[in-house]
Structures are given as structure tokens and as C-alpha cells.
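All residue numbers in this chain count up from 1 along the given sequence.
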Amino acid sequence: MVKRDPYSALLLDLSAIGETEDDTDINHEVAFTYFVRGNRLLVVKLSMVGPYAVVLAFGEDGHGPGELLSRPAGPFESRVLDLVQAHGLRLVPVHHLETPVPLAVVPGRDEVTLYAALFEPEAEPPWW
């Protein structure tokens with residue numbers, strides 16, 4: 001999936017609206033992770049499992065708990081969410097992301113949240 005680089009066009013479009021950085025860690029994640037900086041830091045995660053995405057917002061400095069964006073909080077966030085959807089990705093609702101699924105993707109655990117299964121196997125949802 002990494003070699004195919006399926007989201008290169010989206011990354012190019014995101015870079016047109018804010019400083020963008022690829023922070024994908026293929027050793028620990030099952031998603032492409034992009035930082036997009038505008039009036040605050042947005043983290044766009046695009047699942048390698050299917051056409052699923054989450055957009056997380058952090059403070060201007062990138063610290064603090066993440067906030068899952070499902071509807072725009074302002075023009076910058078709106079443009080990012082619109083681009084993600086325009087490229088054929090589905091934004092997964094919070095109630096689905098928090099649902100436990102019976103997958104043993106982490107040693108010693110028989111289930112994880114859907115968020116972990118689609119985006120970060122070893123992590124809990126950042127808004128918890």
C-alpha cells in the first residue's frame with residue numbers, strides 16, 4: 001500500500017491549503033498520517049484497510065487532547081474535511097470509532113476499538 005501511494009493527489013491538494021507534512025509510521029500504524037497546519041494543527045489519518053478517514057484537531061502548538069472533527073469548526077477545517085471526502089474517503093463517526101471489535105492486533109488483547117483497527121493498533125482514540 002505504501003509503495004502504491006494512493007493518496008498522493010490528496011496530499012498535494014492538502015498542501016495547497018496549509019503546510020503539510022507526512023508523518024506516516026508504517027511500523028506502528030495501519031494508516032497514512034498527514035499533519036496540516038493552519039490556524040491549528042490538523043492530523044489527517046487515511047486507513048490502509050479501506051477508504052476510511054479521521055481528521056483530528058489539536059491546539060495551535062499541536063499539544064493537548066485531540067478533537068475528532070466531524071463537522072467544520074471554521075473555513076480551514078471545512079476545506080480539509082471537504083478535500084478528504086472529495087477524494088472518496090469516508091469520515092468514520094465517533095460512535096463507530098469507539099466500538100470494540102474482536103481483533104487481536106495487539107499482543108495480550110482480544111479486542112480493540114474500531115479506531116485502533118483502522119488507524120493505530122496500539123492506541124486508544126485520542127479524544128478519550
Which pairs of donor and acceptor atoms, one on a side chain in residues 103-119, lie under 3.5 Å apart (sequence neighbours left out)?
from, atom 1, to, atom 2, distance (Å)
Arg109, NH2, Glu124, OE2, 3.4
Thr113, OG1, Ala116, N, 3.1
Tyr115, OH, Glu120, OE2, 2.4

Can I get a per-line list of side-chain donor-acceptor pairs under 3.5 Å for residues 89-102, giving both atom names and the distance, sequence neighbours left out?
from, atom 1, to, atom 2, distance (Å)
Glu98, OE2, Trp127, NE1, 2.6
Glu98, OE2, Trp128, NE1, 3.1
Thr99, OG1, His95, O, 2.8
Thr99, OG1, His96, O, 3.3

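Atom CG of Leu46 is separated from atom CD of Glu29 by 11.0 Å, given to the nearest 0.5 angstrom. Atoms CD1 and CZ, from Ile17 and Phe76 in turn, are 5.5 Å apart once rounded to the nearest 0.5 Å. Taking CZ of Arg40 as the start and CD of Glu77 as the end, the distance is 4.5 Å to the nearest 0.5 Å. To the nearest 0.5 Å, atoms OG1 (Thr20) and CG (Leu11) are separated by 6.0 Å. Interatomic distance, Leu69 CG to Leu56 CG, rounded to the nearest 0.5 Å: 7.5 Å.
Legend: residues meeting salt bridge (Lys or Arg N to Asp or Glu O under 4.0 Å) with Glu19, ordered by chain and number and at least two apart, are absent.
When side chains are defined from C-beta on, Leu10 counts as touching Leu83, because their heavy atoms get closer than 4.5 Å. Looking at Leu14 and Val80, their side chains come closer than 4.5 Å, going by heavy atoms from C-beta outward.
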- Task: Go through the steps to decide whether Phe58 and Val43 satisfy the test side chain to side chain contact (heavy atoms under 4.5 Å, CB included), and finish with yes or no.
- Result: CA-CA 8 Å; Phe58 292 87; Val43 178; 3.6 Å; yes
- Message: Go through it in stages, so that I can follow the logic: the residues are Thr33 and Asp22, the test is side chain to side chain contact (heavy atoms under 4.5 Å, CB included), and I'd like the CA-CA distance, side-chain angles, deciding distance and then a yes or no.
- Response: CA-CA 6 Å; Thr33 302; Asp22 186 342; 5.8 Å; no
- Carefully, step by step, assess Leu41 and Phe35 under the rule side chain to side chain contact (heavy atoms under 4.5 Å, CB included). CA-CA 7 Å; Leu41 175 66; Phe35 295 157; 3.8 Å; yes
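The minimum heavy-atom distance between Phe32 and Met48, with the atom names listed, is CE1-CG, 3.7 Å. A pairwise comparison of heavy atoms in Ala53 and Val84 identifies CB-CG1, 3.6 Å as the closest pair.
For the pair Ser8 (side chain) and Pro6 (backbone), a donor-acceptor distance under 3.5 Å is absent.
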